[in-house]
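As structure tokens, the structure follows; a few thoughts come after it.
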Amino acid sequence: MGSSDRRKRATEPVVRNNTMTKPALQKIYVILGKRDKSQLEGLCRTLSGHFSYVNMTSNLYLVAESLPDGMPQVERIQKDVGKFLEGNLFARLYVHFVHRVPHMTMNEIDFYYQYYYKNWKRTTRAFDQEGYMHQEVPRLMLLPVIVPDAHAEPDSIKGLLDALKGSFLPPSLYLDTATFFLAQDERLLSSTEKIYYGTGNSREMTDIVCNLNHQDILDDSSSRLESENPLMTDPCPAALILSAQDGAVYPCMDAFCKKNSLADIHGKLSADTIMDRYSEHGKSKRGCLACRERVAASFADLPVPEETRHEIGALLYHLGTLHQEAEEHAQAISNYKKSLELSPVEEAGPVYFRLGLGYTKAGRYDEAIEAFKMAEPAYHGQYYFHFYTGLCCFEKGDYRVALERFSKAVDLEPQLEDLVAILIYMGTCHNSLCEYEEALVPLERAKKAAGHSKEISSALGFAYFKLKDYDRAIENLGRAVEIDPYSAIDYASLGSNYRERGDVNTAIAMYEKALALDPSITSARENLEKLKGKP
Amino acid sequence: MFFLDLRHKTFLFSIIVNVLLIEINPFAPASTPISLGYIAAYLKSEGFTVKILPVGQDTPMSCSGLHRLIASFQPALVGMSAYQRTMLYVIGIAGLIKSIDGNIKIAIGGPQATFMPSAAFAELPDIDYICRSSGEVTLLRIARAIDNGTPFSDLAGLSCKTTDGAVFDTAELEGFADLDSYPSPYLDGVFDHSRMREAIMLTSRGCPHNCIYCYTPSAFKHRVSFHSIDRVMEEIKWIRKKGVRRLWFADPNISFKPSRSIELLERILAEDLDVEMWLQTRADLVTAALMKKMRRAGVSTIAFGLESASERVLERLGKHISTEKVAEAISLAQSEDIEVELFTMFGLPFEAFEDAVETLEFVKKNNVKIMGNTNSQQMQIYFGTDLARHYKDYNIGQLNNNRPAYISIGSQYETEHMSHEEIRKIQGLWRAHSLDRGRRIVS
């Protein structure tokens, strides 16, 4: 190998790029169809083709109309799953079989268990044994997800759940508005691995799949929130949806809802080509943040456990802050308000404070002041809290209260940059209250702390003008236009000061300069016309 | 999938082979693979191109992704960390790699490999080397042998299975007594700091004690070796410069030499490094003065090994520590507002169910939160421990005599004093008291 070849090899980032572009599928959702053998074989072909793309630990959700309809298909798919796992000892697959359970007697439940589940469980014996040998949870886990009928008897359901649990088939429940009452039954919950919540009461398989996925998106968002740098704009864990109902493959739930498919299940495309398309779709995805937000909001009204409600509250709060940073204040406010309904009282302080900020930015000062009042117990020691409350009063024209708040903020020793801003606001409050002598105090302090700035110089110029100290006014305003030569209003103020000092020519020049920069300053135009003797 | 990329030095007239190091643990989030980092830095300093692939439960990795990595990086040698819990995954990945290129040589090392019987080769068809000595020097020998085209010549510190299936055990290989002789994985840029939330430090290796359940003393011949404080400080400063604030010290006993610990803490304070530290040590190696200094320097959590609160059981473990001493250490830490974690186990030799309950009660009584590392776990009987060698003398009965040779007894046992059912019962009891459903951080 020549040295140039070596150099090339040492710098090329080939492996990193290639491995990053192909995703590892963490979830595959399959909507099973009718019991049609050739259709099922086509589905199995496409599905098993994607197994080389599944993550080291991944989940396969098989959703069927009913247990009798779905079980033969599940068993067929499971054969492929077993083959894949046997050939790849580092892979783990959790197979969730989601199906409806009609209203049944205990005897019928027993038949269900004996005839279907017990046989199903037998198929995993080799993996159970392997798990035992290696002292680990088996690599193939069967996890039934029961969708109970609206008239389900809690006792019958409990009987089934216990039987499943006892056979190492940890069961979950899928509840919707028609069956939420079951979540109140502590006995049922103790026999359940997980509860999936469905919005609405549709038992359509497509709706069930959407809701299952939404729960995963919610879980993913909540776990991201726990990390130091939660990236909510990133896509959720890589998933694929295969629907035997319409014979299509979808890259994510958003695409599934919009019917933007990647390929036909029974088409000729290889898994590699479909995954190439998947990657392309991933690159063009834009709506992940909105999707996460929609999901969180959709769970907000469900009777989820308190812990989950708090998680959703925290999530909506975080999403609100993202909107706030993007200056999308209406969405931020909406999220904060929803978050307040879900968050525990002891965590409400920051939400109220952020809500106050949102209202402030949106110009809704009365509501902002109300929100800040609620945040006061948690924030009364923070200078910025008093500053923002003062700012709302200032914007409302309530300068006296604003001054009180600003003074409080100054007492709490803010950072230099913020101190200067607060002092300028204080000076401006006094100017607005015609307390020009008092205005000089904070403004001169600001000047001492930060040197000359346009804002300080302008406000000082105004105060000195009102105090008829034209020399000092001109000195400060001159400084203001030195810093910002495009400040029309300061040129206009200079014009007025020169006029009062009797320097008409300079005054005219200043007014003209102001109007050249901003022809809309009426007072400058009027004063100029007066000086030039026009009526 | 992400990995750490190391570029080799340019050697004018030789092609140096590529080495891929894999740490796989599907049961915990990926963390800084400190041991592999040391090996990588050492091989890199010897001219090899090395990549580290840390795979945790949060690392996306598929067969096809691994296939692409192997096909493009073309390693001649793959080294994998092996633990009892991860053996199946190590075997699986080895199988996939060999199916891509049968010429790639695969070595396993780490706690499970050091004392694994050579007979295990019969059930590890894709493993070529079982490393038993210091990882850096052992793997360098292998890499050089492969580079020379004679992969089974001039080796030491390992067992190997040649292409024709013959198994050889080679002589031991000593690592460096002065740890500074190993290049730093931090200072040599082995780790991708942009994804690092917490830096794992290893300022010393080994332990001189004789706890019957622990593998470390045998693996390090009851010796302790150290990095100089200068080197540790250099690493910490580098880590801080990269924006990482949390340090996790993996040393078995960070305060083994109290004066060394004091010096380290004083220098962290003097440099005003603003770090948050987790560390572990023996309860009889802390004093009020040390604890004060720890707090000031940024130690937020300290972990002690209690194992059992029954003096009778403790005595038989060879740990030579009293519950009184542990309680005193806990109180010292708590008075400085340092969070305490206690490592405990159940199913210990000579431990009755009531003894195990006593341990749980001790933890509660001393106000240590039952969560994270304080979640108790069943004792594991690992290769290389006194227990594994003499389990019958400790009245331990195996539950499974047919396990593969690469798996040790682990948790499949019961004792004369505690049945399998009682072990499950105490496990349930701990879980019921846990604040986080029994999720441990360190295993």
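The chains referred to below are lettered A, B, ... by the order of the sequence lines, with proteins before strands, and numbering in each begins at 1.
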(request) Evaluate the side-chain proximity of A/Y53 to A/D272: yes if any heavy-atom separation is below 4.5 Å, no if none is. (result) yes

(message) If you define the side chain from C-beta out and look only at heavy atoms, does anything of B/M87 sit under 4.5 Å from B/L124?
(response)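 Yes, close enough: below the 4.5 Å cut-off.
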
(request) Return the option, out of A/N55, A/V54, A/N88, A/L25, with the maximum number of heavy-atom pairs under 4.5 Å with chain B. (result) A/N55

(request) Considering only heavy atoms and a distance below 4.5 Å, find which of A/M56, A/Q135, A/E136, A/M133 pairs most often with chain B. (result)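 Option with the greatest count: A/Q135.
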
Examine whether an atom of [X] lies under 4.5 Å from a heavy atom of chain A, and if so say whether it belongs to the side chain, the backbone or both; otherwise answer neither.
X: B/L88; answer: both
X: B/I407; answer: side chain
X: B/I409; answer: backbone

(request) Examine B/Y89 together with B/F27 and report whether their ring centres are nearer than 6.0 Å. (result) yes

(request) Would you mind telling me which of B/Y391, B/Y215, B/F383 makes a side chain to side chain contact (heavy atoms under 4.5 Å, CB included) with B/S408? (result)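 Exactly one candidate clears the test, B/F383.
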
(message) Taking B/K44 first and then B/D188, would you say they form a salt bridge - that is, a charged N and a carboxylate O separated by under 4.0 Å?
(response) no

